[in-house]
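Below you'll find the structure, written out as structure tokens, and then a few comments.
Residue numbers begin at 1 in each chain, while the letters A, B, ... track the order of the sequences.
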Number of protein chains: 2
Amino acid sequence: MGKQSILLVDDEPDILDFIKYNLVKEGYIVHTATNGREGVALAKKVLPDLILLDVMMPEMDGVEACTEIREHKSLRQSIVAFLTARGEDYSQIAGFEAGADDYILKPIKPRVLLSRVQALLRRKKATGYVGGDYDGTGLMIDPDRYVVLHHGKELSLPKKEFELLSLLASQPGRVFSRENILASVWGTDVVVGDRTIDVHIRKLREKLGEQYFRTVKGVGYKFVG
Amino acid sequence: MGKQSILLVDDEPDILDFIKYNLVKEGYIVHTATNGREGVALAKKVLPDLILLDVMMPEMDGVEACTEIREHKSLRQSIVAFLTARGEDYSQIAGFEAGADDYILKPIKPRVLLSRVQALLRRKKATGYVGGDYDGTGLMIDPDRYVVLHHGKELSLPKKEFELLSLLASQPGRVFSRENILASVWGTDVVVGDRTIDVHIRKLREKLGEQYFRTVKGVGYKFVG
DNA sequence: TCTTGGGTTAACGGCATGTGAACTGTGGTT
DNA sequence: AACCACAGTTCACATGCCGTTAACCCAAGA
């Protein structure tokens with residue numbers, strides 16, 4: 001699979017930069033927001049693998065944000081962890097009630113942060129993106145080797161195609177909007193033309209077969225298992 | 001939280017084994033039964049987090065089983081999902097009013113199964129309670145996949161029809177004025193002719209049946225549940 | 001009977017998507 | 001440096017679905 005994406009939400013620019021620096025250095029794609037509302041909005045766009053939420057924030061705090069995130073169907077696959085200062089015990093409880101998967105204590109130590117993040121994402125990888133497992137579709141996606149097994153034949157796809165396929169196939173049946181796809185595969189900042197996604201979809205259809213990819217007009221694309 | 005438990009009820013041993021294998025591999029505790037009666041009995045014992053019920057079974061079918069389960073206070077917390085074959089005769093599933101939370105179409109694809117199971121359990125974990133997408137009419141609307149399950153059959157509707165249906169069905173019984181509908185589905189700025197809504201309603205009536213949509217003359221339309 | 005509101009059908013046309021080819025940049029090879 | 005292969009994007013044009021409209025019908029009430 002491609003890099004995994006993390007959404008980092010904290011109102012203090014210093015902390016934001018510090019954490020982002022450490023995560024980027026490890027090869028994660030990091031999106032940032034400075035308050036809960038912004039964070040939730042961005043999350044809906046990029047569908048990150050992991051969301052790190054500061055608890056204390058202006059506008060909308062972490063717990064509220066988490067609640068909203070958990071109510072959003074498309075974000076059910078995302079893992080949520082709180083960043084919480086030592087001694088804010090109540091926040092842990094409220095946090096878990098809101099549906100968080102973990103919490104990480106401030107002050108942040110890079111080593112600790114990374115190992116926790118890795119652990120959380122490993123857990124997701126096990127069930128989330130792709131199991132390297134035959135699933136009856138004749139398709140096997142091997143994120144480690146960047147290779148797709150199609151009815152026993154090994155296909156190596158270019159990066160973008162592979163990532164697009166991985167995204168769609170991560171939740172068969174679910175429709176991904178063009179916006180979602182752009183944000184996940186291309187990134188929020190990159191701007192590409194309207195037809196780019198289509199062309200990549202077409203290449204995948206050529207290589208794997210029409211039957212896997214369904215167009216939902218006006219909405220997006222979905223992978224059918 | 002410890003491992004989550006799943007009760008799997010299906011009369012075909014092959015399918016049972018196949019699904020069990022995939023769930024166990026992901027770390028779930030899986031109990032199995034081969035007919036509805038057995039399933040209900042076992043459910044009362046183990047109080048599983050999630051119950052997967054095949055619809056077609058000897059002795060006691062999935063719908064009956066689901067009804068019994070829903071009547072049992074100790075099983076209120078359990079999520080129930082049907083396993084239903086694509087295109088299964090509608091009369092068999094007419095009893096969908098039994099209170100299921102979700103449905104999963106056969107043939108089962110491991111990855112689809114897992115992501116759905118994961119989503120359902122995550123939702124349970126987050127809220128402790130799952131309010132089904134189910135509204136007691138034989139209709140289930142799935143905005144994630146942009147499909148409607150109508151008595152066991154998957155229907156994919158065009159965008160406008162889907163949104164109109166979603167709106168009306170969101171509050172069964174409530175009358176939506178034409179003005180309401182226009183504002184919600186088309187947007188406040190867009191101006192369309194008088195007959196446009198009617199035409200869409202008609203298409204929905206064609207596809208789903210007259211009985212769901214009632215005209216309230218001079219006022220608007222409502223969805224009847 | 002006239003009016004008002006909704007139902008029905010077919011046909012039109014726009015727009016989202018499909019498609020083939022050209023263009024650009026990059027990395028590797030000789 | 002010249003060349004090549006390939007990924008990624010864009011462009012121009014084709015296509016077909018979907019949304020809308022228009023014209024007409026029917027029913028109910030004034």
Side-chain angles (χ1 to χ4, degrees), chain A residues 1-3 29 145-148 154-168 175-224, chain B residues 146-148 155-168 175-224:
Chain A
M1 114 180 57
K3 295 178 184 184
I29 296 167
R145 300 193 299 143
Y146 245 81
V147 151
V148 176
E154 211 176 89
L155 263 180
S156 67
L157 299 176
K159 184 176 152 135
K160 280 279 187 292
E161 284 168 44
F162 187 86
E163 284 171 1
L164 176 55
L165 174 62
S166 297
L167 176 69
L168 294 179
V175 180
F176 291 84
S177 70
R178 283 161 178 277
E179 202 185 23
N180 283 162
I181 294 174
L182 275 183
S184 301
V185 178
W186 276 263
T188 43
D189 42 353
V190 188
V191 180
V192 292
D194 269 9
R195 303 265 61 73
T196 302
I197 294 179
D198 307 47
V199 172
H200 284 272
I201 289 280
R202 177 172 149 255
K203 285 179 186 161
L204 287 174
R205 293 212 245 238
E206 272 174 7
K207 291 176 186 173
L208 301 173
E210 293 283 338
Q211 69 273 22
Y212 293 115
F213 307 93
R214 192 145 307 162
T215 305
V216 182
K217 250 199 158 190
V219 187
Y221 294 95
K222 66 175 165 182
F223 180 89
V224 280
Chain B
Y146 246 82
V147 295
V148 174
L155 267 180
S156 63
L157 302 175
K159 189 173 147 119
K160 280 279 187 292
E161 284 168 44
F162 188 85
E163 285 172 0
L164 176 55
L165 173 62
S166 298
L167 175 68
L168 294 179
V175 182
F176 290 84
S177 69
R178 283 159 179 278
E179 206 181 20
N180 283 160
I181 294 173
L182 276 183
S184 302
V185 178
W186 276 262
T188 43
D189 42 352
V190 188
V191 180
V192 291
D194 270 9
R195 302 267 64 75
T196 302
I197 294 178
D198 306 49
V199 173
H200 284 275
I201 289 281
R202 182 179 160 272
K203 285 179 186 161
L204 287 174
R205 293 212 245 237
E206 268 178 10
K207 291 176 186 174
L208 301 173
E210 294 285 337
Q211 70 273 21
Y212 292 115
F213 308 93
R214 193 145 306 164
T215 305
V216 183
K217 264 200 153 189
V219 189
Y221 295 94
K222 68 175 167 179
F223 181 89
V224 281

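- Distance CG (A:Asp198) to C1' (C:dA16): 8 Å, rounded to an integer number of Å.
- If you check C:dG6, D:dC18, C:dT19 against the side chain of B:Pro158, the one that comes closest is D:dC18.
- Within the nucleic acid shown, B:Phe213 has no heavy atom closer than 4.0 Å to any nucleic acid atom.
- Atom CZ of A:Arg214 is surrounded by 12 or fewer heavy atoms from other residues, nucleotides or ligands within 6.0 Å.
- A:Ile201 has its CD1 atom 12 Å from the P atom of C:dT19, to the nearest Å.
- When the C1' atom of C:dA10 is taken as reference, atom NZ of B:Lys203 falls 11 Å away, rounded to whole Å.
- Annotation: ring pair (Phe, Tyr, Trp, His ring centres under 6.0 Å) contacts of A:Tyr221 (sequence neighbours excluded): none.
- The residue A:Lys217 sits close to a base: some heavy atom pair falls under 4.0 Å.
- As rounded to whole Å, 10 Å separates atom P of D:dA7 from atom CG of A:Leu157.
- A close approach under 4.0 Å does not occur between any side-chain nitrogen or oxygen of B:His200 and OP1 or OP2 of D:dC18.
- A 6.0 Å sphere centred on NZ of A:Lys159 holds no more than 12 heavy atoms belonging to other residues, nucleotides or ligands.
- For the OP1/OP2 pair of D:dT9 and a distance below 4.0 Å, the side-chain nitrogens and oxygens of A:Trp186 include at least one atom meeting the criterion.
- Here the nucleotide nearest the side chain of B:Tyr221, chosen from C:dG6, C:dT19, C:dT9, is C:dG6.
- OP1 or OP2 of C:dT9 has not a single side-chain nitrogen or oxygen of B:Arg195 nearer than 4.0 Å.
- The nucleotide whose nearest atom lies closest to any side-chain atom of B:Thr196 is, among C:dG18, C:dG7, D:dT21, D:dT21.
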